[in-house]
Amino acid sequence: MSRWLQGLNEEQRQAVAAVDGPLLVLAGAGSGKTRVITHRIAHLMDGGVGPEAILAVTFTNKAADEMRERLAAMVGKKRAQVATLSTFHAFGLALLKDETQRRRRNARLVVFDTGDQLACLRELLRRVDLGRTFDLGSLLQRISGWKNAFLAPGELPSSDDPYDEAAAELYPRYLEQLEAYAAVDFDDLVCQPTKLLEGSAACRERWAARFRYVLVDEYQDTNAAQLRLLRALGGGHRNVCVVGDDDQSIYGWRGADVRNILRFGDDFPGAQVIALERNYRSCPPILALANQVIAANPERHPKQLRPTRHGGVKVRLVVGTDGESEARWVALHLKQAVERHGRGWGEAAVLYRSNILARGLEEALREHGVPYRVFGGAAFFDRKEVKDVSAYLRLCCNPFDEIALRRVINTPARGIGPVTVAKLAAWAEATPGRSLFAALQQAPEVLGAADRALAPIAELVALIGKHAPLLRGGGALADQGRMLIEATGLRGELERSSPSGKIFERRWGHVLGLFDGLAAYCRRVERPSLADYLNRLALFSSGDDDAEGPRDCVTLCTLHGAKGLEFPLVIMVGLEEGLLPHDRTLNPQANDLDSSGVDEERRLCYVGITRARDELVLTRAARRLIRGRAQDRQPSRFLEGLVAEDFELEDLSAPPPLEDVKAMVAALRARLGA
DNA sequence: GACCAGCTTATTTTT
DNA sequence: TAAGCTGGTC
């Protein structure tokens with residue numbers, strides 16, 4: 001027996017051993033999912049499958065890194081390195097590059113992140129008069145949905161929704177723009193590889209022969225396009241193993257489709273299904289609650305989490321009089337847990353549906369001296385200074401990248417104002433095959449010989465003209481990049497616009513960090529290129545910045561952010577109608593796309609509950625300030641009809657029991673000597 | 001280009 | 001309520 005089958009429970013062992021043919025592993029929360037995946041890969045390798053033939057796809061880079069680390073501990077660093085563990089998007093980019101090179105086409109392309117996509121749409125919206133304002137995000141969501149459904153602009157279903165109409169108007173132009181910029185967005189990274197695979201049997205066979213075993217983690221988070229990619233890739237050999245939990249599908253609002261995991265057997269007929277229901281994480285009362293809460297959802301693979309642990313304290317329901325009282329209770333409870341029950345701060349987490357609840361919590365925690373960190377939040381790549389610098393670098397790689405050019409064109413201010421840019425852009429648009437950068441190069445013809453902007457434009461063109469070849473050469477990239485940025489004067493601009501020296505130092509530190517990352521990349525990779533690094537930056541943005549937080553702290557985090565984490569003590573706050581389920585899912589806005597509704601909110605609640613190992617507290621407030629108005633709040637419907645014996649209720653808003661009042665009065669009387 | 005006043009709008013977030 | 005954005009002014 002392979003050593004990787006040992007130390008597993010029966011179902012886990014089956015999931016690891018069922019190597020050939022399609023397999024769906026329904027991995028309940030805390031059921032040892034990652035263990036199964038890593039053991040499965042190791043087991044494959046033990047059975048003679050080369051690591052290069054294994055592709056494991058995850059949802060985030062963090063998950064991929066974690067998996068590689070655990071795998072390295074099992075089979076050695078070398079073999080773990082050779083296996084392909086990546087996100088759908090990173091894999092898609094690699095496939096795309098490989099195929100364009102094979103076709104001897106220019107493999108140069110930029111990956112647009114959400115900010116770039118929005119900038120592109122904003123520009124289009126300015127150009128096309130649609131008669132009113134639109135929320136860019138809602139438009140982008142629609143376009144993204146169409147792309148992922150492989151619908152070309154001519155194939156859209158008719159609709160009289162103004163947002164559908166506006167998005168349909170912009171959609172073809174958006175595609176044209178990306179093409180002109182040699183850019184791909186995140187959706188393209190899945191859809192374009194799929195089209196390549198579906199369009200050519202030879203291509204399909206090549207990739208299927210290369211990756212004979214495919215695994216997908218967090219399968220409940222995949223969208224329609226990702227399913228199609230998977231089918232194109234694994235439809236031949238059918239050695240496709242997907243792992244996930246339909247009850248933890250919480251990303252329907254950004255395109256994930258639970259039906260993928262509910263109907264895996266339809267896409268891969270004859271698939272084996274193995275459910276991991278033994279939970280190694282939580283105490284029985286917590287699991288009892290989790291099972292009850294999720295059982296009310298209609299569409300799901302029926303399953304129950306079964307505890308392997310014993311004992312445990314009852315789940316507590318705490319009702320504060322208002323938001324402040326709730327937050328105060330949380331702070332005091334955390335303090336008590338540490339001071340009286342010997343917990344470390346780092347063992348506890350406070351989870352909430354919406355970030356607005358974090359504010360009041362932070363206040364209360366600060367007041368009571370509870371150390372905390374907010375998990376998630378503003379990311380490195382969103383910082384203005386980092387974006388400015390990378391826009392310069394992007395422009396050097398690809399003068400067609402108009403989004404980067406627009407960002408850079410007057411940053412730092414050099415006297416090329418919006419009117420000038422508009423003139424240049426109009427010329428570029430009216431002249432077939434000419435980019436905005438070309439307009440800059442021919443500025444004297446475009447703007448006339450007397451234009452005041454000519455000098456700064458010539459300077460900018462010369463700057464890029466000088467540094468672009470150096471940066472595209474590939475040698476000493478970090479040094480070259482620093483020289484470019486030095487020449488732009490961005491540093492001075494940043495210093496001027498920073499409110500304090502300390503803030504400037506921090507911001508400039510981010511810029512330097514970008515170049516440190518570039519230098520490290522150059523050392524790591526055989527044939528480094530700036531374009532490749534920038535694309536990685538777009539694709540691997542979030543991973544490296546959460547190391548900076550202090551360690552022994554209470555974690556504050558949204559329910560979404562908590563997925564995949566676990567804590568000995570979990571406090572979920574705001575268990576009220578309107579917050580969980582959130583008001584926006586109960587009463588969607590006109591421009592909202594149909595979401596998965598209350599079922600998804602219930603799953604969110606389930607995800608929160610199942611993060612807790614030993615102790616779980618659910619809190620709510622009887623009244624709460626909502627947009628400055630005090631409102632009476634109803635308990636969340638997810639707590640309705642629960643079996644009482646598993647809970648303990650603590651109502652800070654209710655009058656104390658009569659016995660207590662009598663005792664208090666008696667005590668008072670005695671003190672007064674009455 | 002910087003600043004201010006008034007207006008609008010209030011989820012979740014990774015690639 | 002309060003933060004973020006727009007449009008106007010200097």
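As the structure is a computational prediction, the values presented were derived from the model and not from experiment.
For the pair Leu604(A) and Ala413(A), both in contact range of DNA chain B, the more 5′-proximal nearest nucleotide belongs to Ala413(A). For Glu493(A) and Phe59(A), each mapped to the nucleotide of DNA chain B holding its nearest heavy atom, the one lying further toward the 5' end belongs to Glu493(A).
Here Arg624(A) does not pair with Asp322(A) in a salt bridge; the nearest charged N to carboxylate O distance is not below 4.0 Å. Arg602(A) has no carboxylate O lying under 4.0 Å from a charged side-chain N of Asp247(A), or vice versa, which leaves the two without a salt bridge.
Residue Asn223(A) is classed as having no contact, given no heavy-atom separation below 4.0 Å to the nucleic acid. Counting any heavy atom pair closer than 4.0 Å across all strands shown, Asn355(A) reaches sugar-phosphate atoms only and no base atom. Among the atoms of the strands shown, none is found under 4.0 Å from any heavy atom of Arg629(A).
What separates CZ of Phe112(A) from C1' of dT15(B) is a distance of 15 Å, to the nearest Å. Rounded to a whole Å, the CD atom of Glu218(A) is 12 Å from the P atom of dT15(B). Taking atom CD of residue Gln631(A) and atom P of nucleotide dA10(B), one finds them 16 Å apart after rounding to whole Å. Here dT14(B) presents its P atom at 13 Å from NE2 of His89(A), a figure rounded to the nearest Å. When rounded to the nearest whole Å, the span between CG of Leu625(A) and P of dA2(C) equals 9 Å. dT14(B) atom P lies 17 Å from atom CD of Gln248(A), rounded to whole Å. Nucleotide dT15(B) holds its C1' atom 14 Å from the CG atom of Asp65(A), rounded to whole Å. If you take CH2 of Trp253(A) and P of dT15(B), they are 12 Å apart, rounded to a whole angstrom.
With a 6.0 Å cutoff to the six-membered ring centre and a 45° limit on the axis angle, Arg536(A) does not count as a cation-pi contact of Tyr521(A). Geometrically, Arg254(A) engages Tyr251(A) in a cation-pi contact defined by less than 6.0 Å to the ring centre and at most 45° from the axis.
Nearest nucleotide to the side chain of Arg627(A), out of dT11(B), dT15(B), dA10(B): dA10(B). Residue Thr558(A) has its side chain nearest to dT13(B) when only dA3(C), dT15(B), dT13(B) are considered. With dT15(B), dT13(B), dT11(B) as the candidates, the nucleotide lying closest to the side chain of Arg353(A) is dT11(B).
Residues Asp65(A) and Asn61(A) have side chains that never bring a donor and an acceptor to within less than 3.5 angstrom of each other. For Asp388(A) and Thr411(A), the side-chain atoms include no donor-acceptor pair closer than 3.5 Å.
OP1 and OP2 of dT14(B) both lie 4.0 Å or more from every side-chain N or O belonging to Thr114(A). At dG1(B), one or more side-chain N or O atoms of Asn410(A) fall inside 4.0 Å of OP1 or OP2 (strictly under the cut-off). A close approach under 4.0 Å does not occur between any side-chain nitrogen or oxygen of Arg254(A) and OP1 or OP2 of dT15(B).
Remark: the separation of the P atoms in dT11(B) and dG4(C) is 12 Å, to the nearest Å. Using atom P as the reference point in both dT12(B) and dA3(C), the two lie 15 Å apart (nearest Å).
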